[in-house]
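Working notes, structure below.
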Amino acid sequence: MSDITTTDGPGGALPPGPIGVFDSGYGGLTVLRELRAALPDADFMYLGDNARAPYGTRSFDLVYRFTRQAVEYLFSRGCPMVILACNTASAKALRTIQQQDLPRMKPGLRVLGVIRPTVEALGEISRGGHVGLVATPGTVASESYDMELAKFQPHIRLSSRACPMWVPLVENMEAGGDGADYFVRRDLEQLLAADSDIDTIVLGCTHYPLLLPKIRRYVPGHVAVLTQGAIVARSLVDYLGRHKAMATAVSRGHSTEYLTTECPDKFAGMARMFLGTDIEARRIEL
Ligand code: DGL
């Protein structure tokens with residue numbers, strides 16, 4: 001994962017702690033699942049800011065402020081690194097946190113996002129170089145994917161479609177309902193109409209894998225649909241392989257703690273849907 005250029009530096013001085021994983025709500029659980037599979041002995045601390053989700057339609061300023069609070073909280077709980085398992089937060093807050101906030105914090109702490117690893121993976125996955133992006137209005141408006149692709153995969157032509165209804169459908173347990181078909185079909189048709197040569201569609205929001213059965217229904221068979229969990233996990237394993245001090249700073253107790261800013265029981269119920277297992281959650285305030 002290379003959302004930042006970093007050296008091991010004084011990171012080795014950090015006491016071991018869990019990897020922080022943050023999302024506005026439940027979507028980051030689709031990333032957490034893959035992170036746990038890739039690093040089964042590592043400890044994780046997942047935080048969903050459910051009380052203030054969705055972030056996708058909020059201003060830059062608010063997304064930055066909320067994300068910074070979450071990152072500061074996870075650092076205060078001993079996480080040596082935080083993964084922003086949220087495209088909206090990665091698009092709107094990551095750069096500012098890395099450039100303005102991290103230098104003022106304890107040396108060695110790191111915050112990584114999900115957009116750069118996805119863009120890096122796209123170079124290998126898209127055969128024809130015509131890529132479609134579905135994401136929140138915030139991620140699309142930020143043009144983060146356009147900018148990263150221009151830097152790292154300039155041969156790729158990107159068409160984007162903001163899907164403001166998709167996250168609320170997932171957050172309200174309507175991903176499998178008939179209403180979801182209307183919005184998924186409409187948005188995908190619009191995206192495919194923008195470029196009929198699209199060969200790969202990126203689900204640029206960590207909530208969207210929950211809509212995958214419906215998405216596949218409205219995407220032609222020859223078009224690949226890319227989810228981010230496994231890509232981010234592979235990238236983190238690679239990152240830890242190259243940054244030994246951070247690898248040492250990750251505690252290895254096979255545990256995951258679940259935190260939410262809203263109702264823990266509701267969180268646990270939704271987490272069952274995302275993870276397929278029972279979990280316990282605790283409520284915190286940011
Ligand atoms: N899961 C977040 C993402 O990847 C978005 C959810 C939201 O709008 O809060 O963009």
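Counting convention: from 1, in listed order, for ligands and their atoms alike.
The distance from ligand 1 to the heavy atoms of Ser24 drops below 4.0 Å at these ligand atoms: 6 (C), 7 (C), 9 (O). Close approach of ligand 1 to Thr136 is summarised as follows: ligand atoms under 4.0 Å from at least one heavy atom of the residue are 5 (C), 8 (O), 10 (O). For ligand 1 and Asp23, the ligand atoms under 4.0 Å from any heavy atom of the residue are 1 (N), 2 (C). Per-residue contacts place Tyr55 under 4.0 angstrom from the following atoms of ligand 1 (heavy atoms of the residue considered): 7 (C), 8 (O), 9 (O).
No cation-pi contact links Lys92 to Tyr64, judged by a cut-off of 6.0 Å to the six-membered ring centre and 45° from its axis.
In this structure, Arg252 does not pair ionically with Asp43, as no charged nitrogen and carboxylate oxygen lie closer than 4.0 Å. A salt bridge does not link Arg283 to Glu262: none of the charged nitrogens lies less than 4.0 Å from a carboxylate oxygen.
Distances shorter than 4.0 angstrom occur between a heavy atom of Cys86 and an atom of ligand 1.
With 3.5 Å as the limit, one finds no donor-acceptor pair spanning the side chains of Tyr55 and Asp23. Side-chain contact check for Arg52 and Gln69: at least one donor-acceptor pair (N or O, by modelled atom type) lies under 3.5 Å.
Nearest to atom 10 (O) of ligand 1 among the protein's heavy atoms is Thr88 OG1, 2.7 Å. At the top of the distance list for atom 3 (C) of ligand 1, counting protein heavy atoms only, stands Asn87 N, 3.2 Å. Here the heavy atom of the protein found nearest to atom 8 (O) of ligand 1 is Gly56 N, 2.8 Å.
Under the 4.5 Å side-chain heavy-atom criterion for ILVMFWY residues, no single connected hydrophobic cluster contains both Met147 and Ile97.
Counting only non-hydrogen atoms, the option in His207, Glu171, Arg52, Gln228 that gets closest to atom 1 (N) of ligand 1 is His207.
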